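Read through the structure below, which is laid out as structure tokens, and then see the notes.
Values below: every heavy atom of this structure, side chains too, minus hydrogens, waters and symmetry copies. Nothing here was measured: the structure is a model prediction, and the numbers come from that model.
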Amino acid sequence: MERNTEKLREKKRKAQEHRGKKQRSYSARERIELLADQGSFLELGALAHSSVSGMEERTPADGLVGGIIRVDGREAVVQAMDISVLSGTEGEVHLRKSEFFHSYAKKRKLPLFNLCEGGGLRMPDGMGSDGISDKLFPSSLLDHGRESPIMTAILGESYGGPTWMAVTSDFVTQVRGTSMAVAGPRMLEIASGEEMSAEELGGPDMHAVYTGQIDHIAEDEKEAIAALRRFFSYMPSNAVETPPQKPSIEDSYMEHCNLEEIVPSNLRRAYDMKLLILRLFDKDSFMNFRSFYGKALITGLTRLKGRVIGVVASQPLHMAGASGPEECDKAVDFICLCDSYHIPLIFLHDTPGFRISSRAEKMKMPAKIMNWNTALAKSTIPKFSIIVRKSIGAAYGNMCGPGMGADVVAAWPSAEINFTGPEVGINVVYGKHIRKAERPEKERSKYLEQWNFDSSPYKAAGKFLLEDIIEPNQTRSFLIRFLESSGSSGEVKSKRRLADWPMSH
């Protein structure tokens with residue numbers, strides 16, 4: 001028994017010490033140690049190797065290191081590609097291991113962390129009709145149903161498998177200088193004749209501007225792994241649980257804040273909605289979600305008196321807060337995320353409406369607007385809606401206005417609510433009359449005054465279409481009270497009707 005035990009230890013030691021020429025600054029196991037609580041990693045499959053005869057010694061763990069870890073004391077599953085083993089490519093055994101980790105996480109409702117860097121399907125393992133037939137997408141990847149959070153870090157050039165993992169994850173961070181795509185530049189050049197660098201093909205800047213397939217950009221691996229841990233701190237371990245609550249933050253933080261100084265009363269003046277968010281919610285608790293994509297809309301996770309909250313807010317600094325196709329996709333993804341993991345949503349309106357353009361129409365803007373509305377309609381978590389300065393047209397509905405499923409809709413007293421903005425509205429409705437008037441400017445002013453009266457929140461509140469008009473500095477306490485009332489009968493859980501909505505990652 002002693003001899004056999006020593007032999008086992010020697011085999012595992014050799015597998016774990018392997019470092020090939022292509023090893024980056026951190027090995028796969030070192031990356032796991034950065035993520036996991038100290039001493040919590042239990043590796044599975046260290047003795048695995050390629051099924052190709054003669055490759056046993058060259059393929060320790062077959063290029064995939066994984067097992068069970070704890071993150072902030074919570075059990076989780078992790079898998080990390082080993083770039084030092086055949087460039088992190090996926091052989092038959094590698095894929096079998098990966099499917100096990102994913103299936104185990106789903107079966108036992110454990111969070112799954114993917115630390116990715118690899119070249120995709122390995123040749124010759126995937127060659128021929130027999131080679132490819134058992135290496136297609138496993139059902140555990142395609143039918144996860146957000147049973148537990150999946151979080152992915154792109155830590156090097158990642159093609160094929162790592163990309164599929166990323167785009168089916170709840171959260172993706174990518175390190176600058178890395179690439180994520182269906183296939184690498186060499187295969188692209190051979191297949192289509194296109195020549196480009198790895199970063200041009202699938203770098204974080206490309207995804208930030210064009211695809212929205214990542215949620216966070218990290219400067220280095222440590223920052224990426226820290227982002228995974230931070231995102232996980234807002235998530236329940238699985239869909240049966242609710243998000244972890246922290247000790248409540250006292251309201252004293254708000255006592256010296258004048259929210260009216262942050263939000264200008266002049267509707268034409270831009271301001272940073274993020275400053276308002278930082279004041280309304282618990283100090284240092286806001287984590288921006290996909291901040292570089294769809295910039296006219298802010299989405300992020302935060303805490304309100306210690307409870308996890310999702311925020312959807314207009315951003316007047318970009319396109320005056322008018323959402324376009326990218327913002328619609330971003331909103332849908334975020335609503336699905338929050339509803340699937342029992343996270344209440346707060347909407348902060350300051351939008352002049354949707355962006356109207358031929359580009360938006362080419363990008364299926366009507367369908368995207370309705371997708372957003374459908375996600376709202378199907379979501380069953382508590383939703384609270386505050387009109388901060390203006391909410392115009394169909395965007396009023398998409399930001400969870402009256403009749404769109406909010407538990408409560410309230411407005412600041414200076415808010416403007418209407419079908420369209422005053423300048424556009426009076427030009428369309430009264431333009432001909434104004435042009436024919438003896439004193440056009442005086443006539444225009446008269447109609448503007450009437451339009452502003454009609455847009456006042458008091459008219460809607462008078463018919464109880466809005467539940468309340470509140471003082472700006474009462475916003476935090478108002479939201480806290482409704483959050484507390486929504487959970488007074490027990491843990492707040494959604495019906496998870498959006499759990500199977502495909503991710504637009």
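- If you look at Phe347 and Phe384, their ring centroids are not closer than 6.0 Å.
- Considering CG of Asp329 and NZ of Lys364, their distance stands at 9.0 Å, rounded to 0.5 Å.
- Taking the six-membered ring for Trp and the full ring otherwise, the centers of Phe113 and Phe232 sit less than 6.0 Å from each other.
- Ile309 places none of its side-chain heavy atoms less than 4.5 Å from the side chain of Arg303.
- A donor-acceptor contact shorter than 3.5 Å is absent between the side chain of Glu200 and the backbone of Met196.
- Side-chain contact between Lys390 and Thr351 is absent, with no heavy atoms from C-beta onward closer than 4.5 Å.
- Annotation: the span from Thr302 atom OG1 to Leu278 atom CG amounts to 8.0 Å, rounded to 0.5 Å.
- Atom CG of Leu465 sits in a crowded spot, with more than 12 heavy atoms from other residues, nucleotides or ligands closer than 6.0 Å.
- Side chain of Ser340 to backbone of Arg146: no donor-acceptor contact under 3.5 angstrom is found.
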Please assess Leu337 against Leu498 for the test side chain to side chain contact (heavy atoms under 4.5 Å, CB included), listing each intermediate value before the final yes or no.
-> CA-CA 8 Å; Leu337 173 75; Leu498 295 170; over 6 Å; no
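- Nearest approach of Ile343 to Met235, heavy atoms of both residues: CD1-CE, 3.5 Å.
- No side-chain heavy atom of Asp333 sits less than 4.5 Å from a side-chain heavy atom of Trp501.
- Here the closest heavy-atom approach between residue Ala331 and residue Leu297 is recorded as CB-CD2, 3.7 Å.
- In plain terms, the two heavy atoms of Pro185 and Leu201 that are nearest each other are N-CD2, 3.8 Å.
- Side-chain polar atoms of Ser148 and Asn238 form no donor-acceptor pair below 3.5 angstrom.
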Dump the intermediate steps for side chain to side chain donor-acceptor pair (under 3.5 Å) on Asn418 and Tyr396, then the final yes or no.
-> CA-CA 9 Å; Asn418 212 318; Tyr396 181 33; over 6 Å; no
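- For the residue pair Thr152 and Ser169, a side-chain donor N or O sits within less than 3.5 Å of a side-chain acceptor on the partner.
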Test log, rule side chain to side chain donor-acceptor pair (under 3.5 Å), inputs Gln174 and Asp215 = CA-CA 8 Å; Gln174 183 175 4; Asp215 306 304; over 6 Å; no
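- In this structure, Tyr159 and Ser179 have side chains that are in contact, with non-hydrogen atoms separated by less than 4.5 Å.
- Taking both residues in full, the closest heavy atoms of Pro162 and Cys116 are given as CB-CB, 3.7 Å, listed atom of the first, atom of the second, then distance.
- For Thr173 against Leu228, the heavy-atom pair with the smallest separation is CG2-CD2, 3.9 Å.
- Two residues are said to be in side-chain contact when any heavy atoms from C-beta on lie closer than 4.5 Å; Thr242 and Lys493 meet this criterion.
- The distance from the CD atom of Gln213 to the CD1 atom of Ile154 is 10.0 Å, given to the nearest 0.5 Å.
- Residues forming a side chain to side chain donor-acceptor pair (under 3.5 Å) with Trp412 (at least two apart in sequence, or on another chain): Thr475.
- The closest donor-acceptor contact from the side chain of Thr380 to the backbone of Lys495 lies under 3.5 Å.
- Looking only at side-chain heavy atoms (C-beta outward), Glu471 and Glu260 stay at 4.5 Å or farther from each other.
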Derivation of the side chain to side chain contact (heavy atoms under 4.5 Å, CB included) call for Leu483 and Phe478 = CA-CA 9 Å; Leu483 182 63; Phe478 181 84; over 6 Å; no
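- Although no hydrogens or angles enter the test, the distance criterion places no donor-acceptor pair under 3.5 Å between the side chain of His318 and the main chain of Lys295.
- Formation of a donor-acceptor pair under 3.5 Å by the Ser391 side chain with backbone atoms of Ile387 is not found in this model.
- Cys328 contributes atom SG, which lies 8.5 Å from atom CG of Asn371 (distance to the nearest 0.5 angstrom).
- With salt bridges taken as basic N to acidic carboxylate O contacts below 4.0 Å, one links Arg176 and Glu219.
- Not one N or O on the side chain of Asp72 forms a donor-acceptor pair closer than 3.5 Å with the backbone of Ser233.
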Determine, step by step, whether Glu75 and Arg70 satisfy the salt bridge (charged side-chain N to carboxylate O under 4.0 Å, His left out) criterion, reporting the C-alpha distance in whole Å, the side-chain angles of both residues, the deciding distance to 0.1 Å, and the verdict.
-> CA-CA 4 Å; Glu75 295 287 345; Arg70 293 189 190 97; 2.8 Å; yes
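- When all heavy atoms are compared, the tightest approach of Ala411 to Leu466 is CB-CD1, 4.0 Å.
- Partner Asn288 forms a side-chain contact (heavy atoms from CB on, under 4.5 Å) with one of Ile298, Val311, Leu301 and no other, that one being Ile298.
- Salt bridge status for Arg389 with Asp350: present, with a side-chain N to carboxylate O gap under 4.0 Å.
- The CZ atom of Phe289 lies 13.0 Å from the OH atom of Tyr234; values are rounded to the nearest 0.5 Å.
- No donor-acceptor pair closer than 3.5 Å links the side chain of Ser314 to the backbone N or O of Pro316.
- Around CZ of Arg230, the count of heavy atoms belonging to other residues, nucleotides or ligands within 6.0 Å exceeds 12.
- Separation of atoms NE2 (His207) and CD1 (Ile217) is listed at 10.0 Å; rounding is to 0.5 Å.
- Within the 4.5 Å cutoff, the side chain of Arg229 has heavy atoms near those of the Val71 side chain.
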Quick one: do His342 and Glu241 satisfy side chain to side chain contact (heavy atoms under 4.5 Å, CB included)? Show the steps, please.
-> CA-CA 8 Å; His342 318 298; Glu241 300 176 2; over 6 Å; no
Where do Ile225 and Arg31 land on the side chain to side chain contact (heavy atoms under 4.5 Å, CB included) test, with the steps shown first?
-> CA-CA 8 Å; Ile225 290 171; Arg31 287 168 172 170; 4.2 Å; yes
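- Between the side chain of Ser237 and the backbone N or O of Leu110, no donor-acceptor pair lies under 3.5 Å.
- A perpendicular orientation is assigned to the rings of His144 and His102, their planes being inclined by more than 60° (bins at 30° and 60°).
- A donor-acceptor distance shorter than 3.5 angstrom exists from the side chain of Lys330 to the backbone of Arg290, with no hydrogens or angles considered.
- For Ser379 and Lys383, the side-chain atoms include at least one donor-acceptor pair closer than 3.5 Å.
- Residues Ile69 and Leu35 meet the side-chain proximity criterion, which asks for heavy atoms closer than 4.5 Å.
- The backbone N or O of Ile470 sits nowhere less than 3.5 Å from a side-chain atom of Asp468 that would complete a donor-acceptor pair.
- Checking Glu117 against Ser158 by side-chain atom types alone, no donor-acceptor pair falls below 3.5 Å.
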